[in-house]
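Written out below as structure tokens is the structure these notes cover.
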Amino acid sequence: MSQVEPLRQEAIEEALAELPGWTYADNRLQKTYTFGSFREAVSFIVRIAFEAEQLNHHPELHNVYNRVTLALTTHAAGNRVTARDVELARAIERIAWVK
Ligand SMILES: C[C@H](O)[C@H](O)[C@H]1CNC2=NC(N)=NC(=O)C2=N1
């Protein structure tokens with residue numbers, strides 16, 4: 001399936017141009033979101049969980065109080081960034097804007 005092929009560096013950079021705050025490092029797309037409270041941060045995580053299940057693609061999640069750090073990579077592509085990670089990052093951006 002083409003979606004599980006690793007993206008070329010140029011494709012990753014193109015995608016990142018439309019994903020403010022996201023970076024590419026260690027074969028992952030990463031971003032840290034900061035909220036007003038722990039409750040908001042956990043709410044964000046729960047909404048991501050539903051989206052991840054819909055997409056059948058799951059982020060690595062790390063939470064400290066009001067911060068949530070996400071790392072996206074595709075296990076099925078040998079832990080490389082694929083179009084599925086870009087799709088999930090876009091979905092997460094939409095979720096982050098809905099308060
Ligand atoms: C069977 C199922 O499609 C796979 O296990 C899915 C589930 N979620 C996944 N999430 C991520 N991040 N990478 C995967 O390769 C992946 N594979």
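Atoms within each ligand, like the ligands themselves, are counted from 1 in listed order.
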Hydrophobic cluster membership, Phe44 vs Tyr65, 4.5 Å side-chain cutoff: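 Different clusters.
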Using the rule that two of Ile, Leu, Val, Met, Phe, Trp, Tyr join whenever any of their side-chain heavy atoms come within less than 4.5 Å, decide whether Leu61 and Leu29 are in one cluster. yes
Please write down residue, atom name and distance for the protein heavy atom closest to [atom].
atom	result
atom 15 (O) of ligand 1	Ala76 N, 2.8 Å
atom 8 (N) of ligand 1	His58 ND1, 2.8 Å
atom 1 (C) of ligand 1	Asn56 ND2, 4.5 Å
atom 17 (N) of ligand 1	Arg84 NH1, 4.3 Å

What verdict does the salt bridge (Lys or Arg N to Asp or Glu O under 4.0 Å) test give for Glu60 and Arg28, after you've listed the backbone C-alpha separation in whole Å, the side-chain angles of each residue and the deciding distance to 0.1 Å? CA-CA 10 Å; Glu60 297 174 16; Arg28 284 164 167 69; 2.9 Å; yes
Can you find an N/O atom of Thr73 closer than 3.5 Å to an N/O atom of ligand 1?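 Yes.
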Give yes or no for whether the N/O distance cutoff of 3.5 Å, strictly under, is met between His75 and ligand 1.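 Among all N and O atoms of His75, at least one is under 3.5 Å from an N or O of ligand 1.
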Looking only at heavy atoms, which two atoms of Thr73 and Arg80 are closest? And how far apart? OG1-N, 3.3 Å
Protein non-hydrogen atom below 4.0 angstrom of atom 5 (O) of ligand 1 present: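 No; the ligand atom in question lacks any protein heavy-atom contact below 4.0 Å.
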Do Asp85 and Thr74 get their side chains close enough for a donor-acceptor pair, meaning under 3.5 Å? yes
Is there a donor in the side chain of Tyr33 and an acceptor in the side chain of Glu40, or the other way round, less than 3.5 Å apart?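 Not at all, the side chains of Tyr33 and Glu40 share no donor-acceptor pair under 3.5 Å.
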Thr74 heavy atoms, cut-off 4.0 Å: which ligand 1 atoms fall inside?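 Per the distance check, 13 (N), 15 (O).
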